[in-house]
Amino acid sequence: MSLQEKTLFITGASRGIGLAIARKAGSLGANVVVAAKSAVVNPKLPGTIFTAAAEVEAAGGKALAIQCDIRDEANVEAAMAQAAEHFGGIDVLVNNASAIWLRGILDTPMKRFDLMSQVNSRGTFLCAQKALPYLLKSENPHILTLAPPPNLDPKWWGSFTGYTLAKMGMSFVTLGLAEEFKGRVAVNALWPKTVIATDAINMIPGVDTNAARNAEIVADAAIAILLQKFSAATGQFYIDEDLLRENGVTDFEQYAVVPGTPLLPDFFL
């Protein structure tokens with residue numbers, strides 16, 4: 001399979017993992033819809049939909065920047081329609097956008113809880129719902145969500161219930177979509193084995209990003225999934241390193257922020 005001229009709709013693609021996937025897809029000749037809220041420069045979080053689109057095009061792909069708030073149903077529906085009209089359809093949805101708040105219940109304002117629920121689980125459901133009419137017309141349709149394997153270990157739930165609930169919501173939506181659209185759309189999830197150095201992680205106190213990997217490892221794993229025939233696998237929860245090893249990758253130091261540094265495992269693993 002090839003991503004040449006295939007259209008990927010990637011949420012949260014203005015920076016971090018979403019941007020890395022967008023850039024990698026662009027290097028393979030894909031059309032990339034950069035969908036995110038960031039249309040103007042934020043001094044705390046560099047990158048906008050326009051700078052990301054420029055990076056995709058510099059890598060060799062075609063890009064369409066769309067300002068999109070995945071909490072807004074009408075906004076998402078219009079963005080999908082615009083993407084499909086511009087590129088002639090949608091072949092892949094990458095649910096990358098996510099909100100994070102690592103606090104206990106007493107330290108979680110309800111506006112933070114609501115944001116995580118709306119962006120993570122509800123956003124994943126909403127984007128899939130609005131993308132599916134286009135995906136079902138594709139020759140090789142995929143939905144890929146950046147979500148962890150379902151995990152009921154109390155360690156994670158007791159540490160930050162709000163975030164765990166919202167993130168596991170993305171995982172459970174993946175399970176449901178995979179079963180409902182089995183044989184028609186490949187629906188899988190991907191999660192990093194180690195902490196990934198992103199701007200969002202940099203804002204979390206106490207996380208040593210020197211003990212992290214860069215986002216390229218997740219991008220390479222994502223592309224490996226999307227290059228499969230849609231009928232090859234669905235309902236899978238892939239781990240980036242494990243998947244890449246199965247695909248013959250042996251050099252993982254290339255992804256290290258500081259080669260040789262012991263790595264931090266990511267959440268939920």
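Since the model is a prediction, treat every value here as computed from it, not as a measurement. The figures that follow rest on heavy atoms only: side chains count, while hydrogens, waters and symmetry mates do not.
Listed by chain and number, the hydrophobic cluster partners of V257 are V258, where partners are ILVMFWY side chains within reach of under 4.5 Å, directly or through others.
M168 and F237 fall within the same hydrophobic cluster, defined by Ile, Leu, Val, Met, Phe, Trp and Tyr side-chain heavy atoms under 4.5 Å apart, directly or through other members. Taken together through direct or relayed side-chain contacts under 4.5 Å among Ile, Leu, Val, Met, Phe, Trp and Tyr, I196 and L244 form part of one hydrophobic cluster. When hydrophobic clusters are built by joining Ile, Leu, Val, Met, Phe, Trp and Tyr residues whose side-chain heavy atoms come closer than 4.5 Å, directly or via intermediates, L132 is grouped together with F87. When hydrophobic clusters are built by joining Ile, Leu, Val, Met, Phe, Trp and Tyr residues whose side-chain heavy atoms come closer than 4.5 Å, directly or via intermediates, L19 is not grouped with V33. V119 and V34 are members of different hydrophobic clusters when ILVMFWY side chains are connected at heavy-atom separations under 4.5 Å.
A donor-acceptor pair under 3.5 Å links the side-chain atoms of T51 to the main chain of T48, judged by distance alone. Counting only distance, with no hydrogens or angles, the side chain of T124 and the backbone of N120 share a donor-acceptor pair below 3.5 Å. D240 contributes no side-chain N or O that, together with a main-chain N or O of I217, makes up a donor-acceptor pair within less than 3.5 Å. Under a 3.5 Å cut-off, the side chain of N247 and the backbone N or O of L243 do form a donor-acceptor pair. Judged purely by atom type and a 3.5 angstrom limit, S117 has no side-chain atom pairing as donor or acceptor with the backbone of A166. In this structure, N188 contributes its side chain and L144 its backbone to no donor-acceptor pair below 3.5 Å. Within the 3.5 Å criterion, the main-chain N or O of D251 finds a donor-acceptor partner in the side chain of Q254. Side-chain atoms of N96 never come within 3.5 Å of backbone atoms of I17 as a donor-acceptor pair (strictly under, hydrogens ignored). Of the possible donor and acceptor atoms, one in the side chain of D91 sits under 3.5 Å from a partner among the backbone N and O of T7. T164 places a side-chain N or O within 3.5 Å of a backbone atom of W156 that can act as its donor or acceptor partner.
When only modelled atom types and interatomic distance are considered, N95 and T11 share no side-chain donor-acceptor pair under 3.5 Å.
Around the NZ atom of K37, the shell of radius 6.0 Å holds no more than 12 heavy atoms that belong to other residues, nucleotides or ligands. The local environment of NZ in K229 is crowded, with over 12 non-hydrogen atoms from other residues, nucleotides or ligands closer than 6.0 Å. Under a cut-off of 6.0 angstrom, the local environment of CD in E85 is sparse, with at most 12 non-hydrogen atoms contributed by other residues, nucleotides or ligands. Other residues, nucleotides and ligands place more than 12 heavy atoms under 6.0 Å from the CZ atom of F268.
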message: I'd like to know whether L135 forms a side-chain contact (heavy atoms from CB on, under 4.5 Å) with I143, so could you lay out the CA-CA distance, the side-chain angles of the two residues, the decisive distance to 0.1 Å, and finally the verdict.
response: CA-CA 9 Å; L135 293 173; I143 295 175; 3.5 Å; yes
message: What verdict does the side-chain contact (heavy atoms from CB on, under 4.5 Å) test give for I70 and L126, after you've listed the backbone C-alpha separation in whole Å, the side-chain angles of each residue and the deciding distance to 0.1 Å?
response: CA-CA 7 Å; I70 65 169; L126 173 59; 5.6 Å; no
message: Determine whether H142 and L93 satisfy the following criterion, side-chain contact (heavy atoms from CB on, under 4.5 Å), listing intermediate values before the conclusion.
response: CA-CA 6 Å; H142 284 261; L93 167 65; over 6 Å; no
- request: Apply side-chain contact (heavy atoms from CB on, under 4.5 Å) to the pair R213 and E241, showing each step before the final yes or no.
  value: CA-CA 11 Å; R213 285 174 169 155; E241 179 182 324; 2.8 Å; yes
message: Using the rule given for side chain to side chain donor-acceptor pair (under 3.5 Å), can you reason through T198 versus R15, listing the C-alpha separation, both sets of side-chain angles and the distance that settles it, and then say yes or no?
response: CA-CA 8 Å; T198 63; R15 61 181 68 90; over 6 Å; no
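Contact check for I223 versus I225: no side-chain heavy atoms found under the 4.5 Å cut-off. Counting heavy atoms from C-beta on, the side chains of P141 and R184 never come closer than 4.5 Å. Counting only heavy atoms from C-beta outward, the side chains of P150 and L175 approach each other to under 4.5 Å. A heavy-atom distance below 4.5 Å is found between the side chains of L165 and F113. Using a 4.5 Å heavy-atom cutoff, the side chains of V218 and L190 are in contact. Within the 4.5 Å cutoff, side-chain heavy atoms of D266 are placed close to those of W191. By the 4.5 Å heavy-atom criterion applied to side chains, T261 and L263 are not counted as neighbours. For the pair L269/P149, a side-chain contact is recorded, criterion being any heavy-atom separation below 4.5 Å from C-beta on.
The heavy-atom pair separating F230 from G183 by the smallest distance is CE1-O, 3.3 Å. When all heavy atoms of A147 and A189 are compared, the pair lying nearest together is O-CB, 3.6 Å. The two residues P192 and I239 come nearest to each other via the heavy atoms C-CG2, 4.5 Å. K167 and P148 make their closest contact through CG-CD, 3.7 Å (heavy atoms, listed as atom of the first residue, atom of the second, distance). For L146 against M170, the heavy-atom pair with the smallest separation is O-CE, 3.7 Å. Between A52 and S14 the shortest heavy-atom distance is CB-CA, 3.8 Å.
The line from OG of S2 to CG of L28 is 7.5 Å long, rounded to the nearest 0.5 Å. The CD atom of E73 sits 11.0 Å away from the SG atom of C127 when rounded to the nearest 0.5 Å. Distance NZ/K62 to CG/L64: 12.0 Å, rounded to 0.5 Å. Put simply, CZ on F125 and CG on L177 are 7.5 Å apart, with the number rounded to the nearest 0.5 Å. Of the inter-residue distances, the one linking T108 atom OG1 with L115 atom CG reads 12.0 Å to the nearest 0.5 angstrom. In this structure, NZ on K6 lies 11.0 Å from CG on L227, to the nearest 0.5 angstrom.
One finds no salt bridge joining D153 and K155 here, because no Lys/Arg side-chain nitrogen approaches an Asp/Glu carboxylate oxygen to under 4.0 Å. Salt-bridge formation is detected for the pair K24/D220: a Lys NZ or Arg NE/NH1/NH2 atom is positioned less than 4.0 Å from an Asp or Glu carboxylate oxygen.
Looking at residues two or more places apart in sequence or on another chain, you find no ring pair (Phe, Tyr, Trp, His ring centres under 6.0 Å) involving W101.
For the pairing with D114, the side-chain contact (heavy atoms from CB on, under 4.5 Å) check across R112, M110, K111, M116 returns one residue only, M110.
Sorted by first and then second residue, the ring pair (Phe, Tyr, Trp, His ring centres under 6.0 Å) pairs involving residues 241-267 (not counting sequence neighbours) are F160-F267.
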